[in-house]
Amino acid sequence: MPELPEVETIARRLEPELVGKTIREADLRWDRTLATPSPRKFKEHIRGQKITNISRRAKYIVFRLSSFHLLIHLRMSGDLLLRDSTTEPEPHDRLLLKLSGGKSLAFNDTRKFGRVWLTAQPEEVLGKLGPEPLDAGFTPEWLYHALHAKRRQLKPLLLDQTFLAGLGNIYTDEALHLAKLHPLKLSDSVSIQQAQALHGAIQSVLREGIRRNGASIDWVYRGGEFQNYFRVYDREGKPCKTCGTKIERITVGQRGTHFCPNCQALK
């Protein structure tokens, strides 16, 4: 699943191409792609909308339109592709937005898990999300107190989008290794120094991921190179780049989790 750096990369790529374009019509090719509204209302309401801004919130791509917000969550295999409007649809295209200027935006989703919302009230979808880890409000002090307000294992807590927005399997594993914290460590046992280290690690791996256009691994996203710099993720049995100990893989909350048993000893 694309995480914050991959979604940020896509939003930045689309923004200069699409802002100012008008949506002439929508070709909805699989109705269940829509979370809301109904297909009829979607096609009616989106016609004639002008794209005024493209941004990201957590793992959502947010299109601000002249009267609505279009929210897209790529889930496991979704991708957004800009094409000439004369290009024939591809087999896994779920939604085509035909734009002014002879272009179309295709939401292509092989596994059909991605979802689209058209709403005048985006907070109805985004309101339960936790803070953005690259925003000024995400501080070491906030993280320390938020961790101690829970009693959960670090890995599943950091994956909880209502706790902190945008992290997924890859960047959580990478941040925990950089901070030298075991994925099973209980959140309320983290010291202030460890919270400071985790805060810095989260921001560091996310910024590096964005700088390298995300990671091209285990989904259809193309073009990123962060996978060439993984510390632990997908490196089971390979030597830790810090100490040389073999990286281990365990399952935490039904998610494959990679860590160094030496650098990240459970204490």
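We use all heavy atoms of the structure for the numbers below, so side chains are in, but hydrogens, waters and symmetry mates are not.
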Side chains of E6 and L74, heavy atoms from C-beta outward: is any pair under 4.5 Å?
no
State the CG-CD1 distance between L167 and I202, to the nearest 0.5 angstrom.
5.5 Å
Calculate, to the nearest 0.5 Å, the distance between atoms NE2 and OG1 belonging to H182 and T257 respectively.
9.5 Å
Between the side chains of E208 and R231, is the shortest nitrogen-to-carboxylate-oxygen separation below 4.0 Å, so that they form an ion pair?
no
Checking S187 side chain against R152 main chain: does a donor-acceptor pair fall under 3.5 Å?
yes
Any side-chain hydrogen bond (donor to acceptor under 3.5 Å, both in side chains) pairs touching residues 56-69, not counting sequence neighbours?
E8-R56, Q49-S66, R56-E132, R57-E132
Any idea which heavy atoms bring R249 and T251 closest together, and the distance?
NH1-OG1, 4.4 Å
Looking only at heavy atoms, which two atoms of R24 and R47 are closest? And how far apart?
O-CG, 3.1 Å
Heavy-atom side-chain contact between P5 and L206 under 4.5 Å:
yes
Contacts satisfying ring-ring contact (aromatic ring centres under 6.0 Å, His included) that involve residues 81-104 (not counting sequence neighbours) are none
Can you find a pair of side-chain heavy atoms, one from N53 and one from V62, that are under 4.5 Å apart?
no
Are L126 and I72 linked, directly or through other ILVMFWY residues, by side chains that come within less than 4.5 angstrom of each other?
no
Heavy atoms of A175 and A201 approach each other most closely as O-CB, 3.3 Å
Under 4.5 Å between side-chain heavy atoms, counting indirect links through other Ile/Leu/Val/Met/Phe/Trp/Tyr residues: same cluster for F163 and V125 or not?
no
Walk me through it: do L65 and K50 pass the test side chain to side chain contact (heavy atoms under 4.5 Å, CB included)?
CA-CA 5 Å; L65 308 179; K50 185 176 181 179; over 6 Å; no
Would you compute the distance between atom CD of E236 and atom CD of E248 and round it to the nearest 0.5 angstrom?
8.5 Å
Does L71 belong to the same Ile/Leu/Val/Met/Phe/Trp/Tyr cluster as L105, with side-chain heavy atoms less than 4.5 Å apart forming each link?
no
Taking every heavy atom of P156 against every heavy atom of V252, the minimum-distance pair comes out as CD-CG1, 3.6 Å
Let's go through T162 and L129 carefully: what are the C-alpha distance in whole Å and the side-chain angles of both, what is the deciding distance for side chain to side chain contact (heavy atoms under 4.5 Å, CB included) to 0.1 Å, and is it a yes or a no?
CA-CA 4 Å; T162 66; L129 293 169; over 6 Å; no
Determine, using the 4.5 Å side-chain heavy-atom cutoff (strictly less than), whether L178 and Y144 are members of one ILVMFWY cluster.
no
Quick check for you: to the nearest 0.5 Å, what is the distance between I192 atom CD1 and L143 atom CG?
8.5 Å
Just by modelled atom types, is the K98 backbone N or O under 3.5 Å from a matching donor or acceptor in the S85 side chain?
no
Any F63 side-chain heavy atom under 4.5 Å of L97 side chain:
no
Would R13 and E17 satisfy salt bridge (charged side-chain N to carboxylate O under 4.0 Å, His left out), going step by step from the backbone distance to the final call?
CA-CA 7 Å; R13 170 173 56 86; E17 298 284 348; over 6 Å; no
Does the E3 side chain pair with the main chain of Y171, one donor and one acceptor, at a distance under 3.5 Å?
yes
Search all heavy atoms of P239 against all heavy atoms of G244 and return the closest pair with its distance.
CB-O, 3.6 Å
Can you check whether R211's main-chain N or O pairs, donor with acceptor, with R207's side chain at less than 3.5 Å?
no
Just by modelled atom types, is the P133 backbone N or O under 3.5 Å from a matching donor or acceptor in the Q203 side chain?
yes
Taking atom CG of L164 and atom CH2 of W142, what is their separation to the nearest 0.5 Å?
5.5 Å
Let me see the working for Q227 and I170 under side chain to side chain contact (heavy atoms under 4.5 Å, CB included), right down to the final yes or no.
CA-CA 9 Å; Q227 69 277 4; I170 293 174; over 6 Å; no
Run through L70, V116, I54 and flag the one making a side-chain contact (heavy atoms from CB on, under 4.5 Å) with I61.
I54
L99 versus I23: any side-chain heavy-atom pair under 4.5 Å?
yes
Got a donor-acceptor contact below 3.5 angstrom from the S77 side chain to the R111 backbone?
yes
Whether the side chain of R151 engages the backbone of H148 through a donor-acceptor N/O pair (distance < 3.5 Å, no angle test) should be reported.
no
Joint cluster assignment, L158 & L134, ILVMFWY side-chain distance < 4.5 Å
yes
So P2 and I10, do their side chains get closer than 4.5 Å, heavy atoms only?
no
Show which side-chain atoms of residues 25-34 pair as donor or acceptor with protein atoms under 3.5 Å away, not counting sequence neighbours.
| unit_1 | atom_1 | unit_2 | atom_2 | d |
| --- | --- | --- | --- | --- |
| D27 | OD2 | R29 | NH1 | 2.8 |
| T33 | OG1 | W30 | O | 3.2 |

Shortest non-hydrogen pair, L96 vs P89, comes out as CD1-CG, 3.7 Å
Which residue pairs satisfy the side-chain hydrogen bond (donor to acceptor under 3.5 Å, both in side chains) criterion with at least one member in residues 116-126, sequence neighbours excluded?
none
For the residue pair L184 and I250, establish whether any side-chain heavy-atom pair is separated by less than 4.5 Å.
yes
What's the spacing between L81 CG and E90 CD if we round to 0.5 Å?
6.5 Å
Please state whether the rings of F230 and Y233 are parallel, tilted or perpendicular, taking 30° and 60° as the class boundaries.
perpendicular
Under the criterion side chain to side chain contact (heavy atoms under 4.5 Å, CB included), I'd like the reasoning laid out for L4 against I210: C-alpha separation, chi angles, the key distance, then a yes or no.
CA-CA 8 Å; L4 188 155; I210 292 171; 3.9 Å; yes
Could you check if a side-chain atom of T172 sits within less than 4.5 angstrom of a side-chain atom of K155, using non-hydrogen atoms only?
yes
Please tabulate, for the side chains in residues 258-267, all donor-acceptor contacts under 3.5 angstrom to protein atoms that are two or more places apart in sequence or on a different chain.
| unit_1 | atom_1 | unit_2 | atom_2 | d |
| --- | --- | --- | --- | --- |
| H258 | ND1 | D173 | OD2 | 3.2 |
| H258 | NE2 | D234 | N | 3.4 |
| Q264 | OE1 | C260 | N | 2.8 |
| Q264 | NE2 | L176 | O | 3.4 |
| Q264 | NE2 | L181 | O | 2.8 |

ring-ring contact (aromatic ring centres under 6.0 Å, His included): which pairs involve residues 32-58, sequence neighbours left out?
H45-F68
Check: S216 side chain, G224 main-chain N or O, donor-acceptor pair, under 3.5 Å
yes
Check D188 with K150, please: is the shortest side-chain N to carboxylate O separation under 4.0 Å?
no
